[in-house]
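Some notes on the structure that comes next.
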Amino acid sequence: MGKYNFTEIEKKVRAEWEKHPINIYDDKKPRFYCLDMFPYPSGKGLHVGHWRGYVLSDVLSRYKILRGFQVLHPMGWDAFGLPAENFAIKNNVHPSAGVAENVENFRRQLKEISAVYDWSREINTTDPEYYRWTQWIFVRMFKHGLAYEKEMPLNWCPKCKAVLANEEAVGGECDRCHTPVTKRMLRQWMLKITAYADRLLGGLDSLDWPEKVKKMQSEWIGKSYGAEIDFPVAGADEAIKVFTTRPDTLYGATFMVLSPEHPLAERITVESQLEEMDEYRRKAAAKSSVNRMADRNKTGVFTGSYGINPLNGEKIPIWVSDYVLIDYGTGAIMCVPAHDERDFEFAKKFGLPITEVISRDGKPSEELSEAYIGEGFMINSGAFDGTPSGEAKEAVADYLEEKGIGTKTVNYKLRDWVFSRQRYWGEPIPIIHCEKCGAVPVPEDELPVLLPEVASYQPTETGESPLANMDSWVNTTCPRCGGPAKRETNTMPQWAGSSWYFLRYADPHNQTALADKDALKKWLPVDYYVGGVEHAVLHLLYARFYTKFLYDIGAVEFEEPFIKLFNQGMITNKGHKMDKSGDNSVSPDEIVRRYGCDSLRMYELFVGPPELDSEWDERSIEGVNRYLNRVWKLIEDSCLKSVKADRRMKQIRNKMIYEITNRLERWSLNTVVSGFMEYTNKLADIARQAGGLDKETRDSLIIMLAPFAPHIAEELWRITGREASVFNERWPEADETMLAEDTVTVALQINGKLRDSITVDAEASRDEVLAAARQALSERLDGKEIVKEIYVPGRIVNFVIKG
RNA sequence: GCGGGUGUGGCGGAAUGGUAGACGCGGCGGACUCAAAAUCCGCUUCUGGCGACAGAGUGGGGGUUCAAGUCCCUUCACCCGCACCA
């Protein structure tokens, strides 16, 4: 009889699994693809917060194996990106050297989890054999007109010295370093994700994802219906196009506002206003977007020009204000102060007229103290007077189309994806610029375009990649005409490699395609995807876009890559997120050494509901460790004294199986762990009385424990005399006829207040139970009139009494 | 402002409308021990009482119901996401 020596057991069991791996793949079995978001292998290593998602997905994978599935559960490295490059700059080593070192450490740490990862499928986005296909997808997008170059004002992070996609500059801050971004005019590669806006939105419905993430994506895409309307500029041969979702309010448009960046802003400003306008526009340009968003006081300058309301011919003043954004809609708006809060504010501040065109009851209001944005009936709107505003949206828009002064349109917040980065450590964009032929893609059979060695990785201030200084690499010949040409020197963003990696796992060593069609068909799409919520509008949106494109070119046969998404909660320490910055991060290495992998695995589940944030508490791990000690002792003892199961033992076994399976299926993993504790305690009691446990009960407990604490389960399986792995077994089934107890405790209430409880035969009839209840409560019921008797079988009796 | 989430003992947290506080941590008491650690057993929501017991109790206020942590209305606090999106 030994003590539960987890260090020794885990070492031994791991060695066994190395020698005789659990046989997972078997085409006779149904398949299940369970995926973790692959990590960026940072220099800091993993903390116990990372473990949570990895443990969740591994519990599911192992459970599915016991349920008779073949399970693909892979792991890899998203290893391009700035930290590796910054590390390289600081230490004057090649980024790949740092990456190799970090990957090694990450792999070691991940192996400590003892997940059933198929390490033979490990991938690394920085491997040329991998990024060959990242480049191939880009070339295909280029050929389909989805990758294009454009010069435009872009988000620029002064610290990272690179442009950012809109998704990386949310709230006007760099997603990575939180530096306020500035705008810079640059020529960059873009991916036309907007061409997929509608499908990216529509596809969300079919997904079993957290509502929150679906909502975030749908708001990011930001579809709205409305109309574009042309407002002629009085006395000029110009028209200003505006977008509005409220064509029904057009009669109430009493002024217009252009964004400071609008091309007409300067042109239509009259001489006397020009100085003030220039000053205003200069200030707006200098304001960081953070400031511009934070300061909600309306400011603006009158251009001195007027527009013509195309419906009623009224002359309305045109202003310039920074509350109008250049990159949404047309960068110009018609302003209806009576029915828009922002326009109302602006009108009040600058003394502009306010015309009510919709009222709740169809009668004009005395005075508007605030904008009325609700529904109602149209007034002051010519022929439309009296129309309900809901109908009027359509009616006015139709009328505008008829008259040729407007068109119904759909507008999106989603912008095209800024895809090039002015940094070294990324996939080179496989394009060659030829003076004669323009941008020419590198022929597919010449991919990958290898990332060359350079003398310095230092990013530049100019918006040029460090690759631009490598004349010998930059100068090449045009694949089309053979003339002199230059390579594109920008690299791809970090998101490129992660936008399709889940496909590569199906067939990671394929030399002729991104993955074999049959392998893709076998494993994809991903059945269960586990990761943090922080990628809601980054990786998860990009991956969906890539998948839809690959579907369109026939490379894959599905449009949505991830059927089910689960966002695990964070592990916090003293209320704060454990993150890279370090101080409050707890390393799993030390915890595993002190309590063992199985204890930490179970603790990560026990800590709280998997979808909620939970506070790290090391003392609770000791509790889990004590629990595993008790299991060890129980099984070991019961092996010495095997007994035949009596009715009571069978009942408890079946209840245990039923309860734990139920909780697991409901993904209530914290209560699965408490269920193990509860039933192990009960079994220990029974075993004390009966002198041992029966074989079937013992086996059921071990098998069910296996996905959660695989090492101890495997070793206990040996102790009970088995040669083969516990993972060859099947998850036990509960015999539902054995769930009922022989006796039940019934709570007794009077007027809903608990007064007593009685234990009765489970088979007892309603009358028998009520009689027993009356008997038990006789003193309290004496002389009272029972108005009503409620009996919930096996649970409760409630007497409603009077007097 | 909009969207999402969370409020339950000293702490983490359990509860298909049916005995609130499972399970664990911590605490208290006991067994074992020369002793300690480990382990095992018992108690542990609060208030009052030696006590059996009584009363209160799931952020606050209302409501539905024989019965509400759970359903409805309302309100407060904290966390997260988005935010002048026309």
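All chains are named by letter (A, B, ...) in the order of the sequence lines, taking the proteins before the strands, and each is independently numbered beginning at 1.
To the nearest whole angstrom, the two C1' atoms, one in B:A22 and one in B:G12, are 13 Å apart. Distance check on atom C1': B:C71 versus B:U64 gives 8 Å, rounded to whole Å. Taking atom C1' on both nucleotides, B:C46 is separated from B:A31 by 31 Å, rounded to a whole Å. Taking atom C1' in both B:U19 and B:U58, the straight-line distance is 16 Å, to the nearest Å. B:G69 sits 7 Å from B:U8 when the C1' atoms are compared, rounded to a whole Å.
Salt bridge present: A:R626 and A:E622 bring a charged side-chain N and a carboxylate O closer than 4.0 Å.
In this structure, B:U65 makes no Watson-Crick or G-U wobble pair, since no nucleotide meets both defining distances under 3.5 angstrom. In this entry B:G1 has B:C82 as its Watson-Crick or G-U wobble partner, both defining distances falling under 3.5 Å.
Two residues, A:G623 and A:F799, neighbour RNA chain B, and the one matched to the more 5' nucleotide by heavy-atom proximity is A:G623. Nearer the 5' end of RNA chain B, as judged by each residue's closest nucleotide, is the contact made by A:L612, out of A:L612 and A:D327.
Residue-level contact check: A:R619 touches the backbone only, with heavy atoms under 4.0 Å from sugar-phosphate atoms and none from bases. The residue A:E615 sits apart from the nucleic acid: no heavy atom pair falls under 4.0 Å. Within the nucleic acid shown, A:V746 has no heavy atom closer than 4.0 Å to any nucleic acid atom. A:R666 comes within contact range of the sugar-phosphate backbone alone, with a heavy-atom separation under 4.0 Å but no base atom that close. Contacts of A:P210 with the nucleic acid, taken as non-hydrogen atoms under 4.0 Å apart, are absent. Residue A:N681 is in sugar-phosphate contact alone, with no base atom involved, counting any heavy-atom pair closer than 4.0 Å across all strands shown. Residue A:V800 is in sugar-phosphate contact alone, with no base atom involved, counting any heavy-atom pair closer than 4.0 Å across all strands shown. In this structure, A:Q749 reaches the bases: a heavy-atom distance under 4.0 Å links it to at least one base atom across the strands shown. At the heavy-atom level, A:K215 lies under 4.0 Å from the strands shown only through sugar-phosphate atoms. At a threshold of 4.0 angstrom between heavy atoms, the contacts of A:T244 are confined to the sugar-phosphate backbone, with no base atom among them.
For a distance-only test at 3.5 Å, the side chain of A:K298 qualifies as a donor-acceptor partner of the base of B:C84.
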**OP:** Given side-chain hydrogen bond (donor to acceptor under 3.5 Å, both in side chains), test A:S668 with A:T671 step by step and report yes or no.
**Re:** CA-CA 6 Å; A:S668 174; A:T671 61; 2.5 Å; yes

**OP:** Please assess A:M256 against A:V242 for the test side-chain contact (heavy atoms from CB on, under 4.5 Å), listing each intermediate value before the final yes or no.
**Re:** CA-CA 9 Å; A:M256 303 179 75; A:V242 304; 3.6 Å; yes

Subject >> Working for side-chain contact (heavy atoms from CB on, under 4.5 Å), residues A:K788 and A:N798 >> reply: CA-CA 8 Å; A:K788 200 168 178 184; A:N798 188 13; over 6 Å; no

**OP:** For A:N411 and A:K223, run side-chain hydrogen bond (donor to acceptor under 3.5 Å, both in side chains): C-alpha distance rounded to whole Å, both residues' side-chain angles, the deciding distance at 0.1 Å, then the answer.
**Re:** CA-CA 6 Å; A:N411 199 54; A:K223 183 178 188 174; over 6 Å; no

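Atoms OH (A:Y627) and P (B:G24) sit 10 Å apart, rounded to a whole Å. One atom, CG of A:D756, and another, P of B:C53, lie 9 Å apart when rounded to the nearest Å.
Below 30°, between 30° and 60°, or above 60°: for A:H339 and A:Y372 the angle between ring planes is above 60°, a perpendicular geometry.
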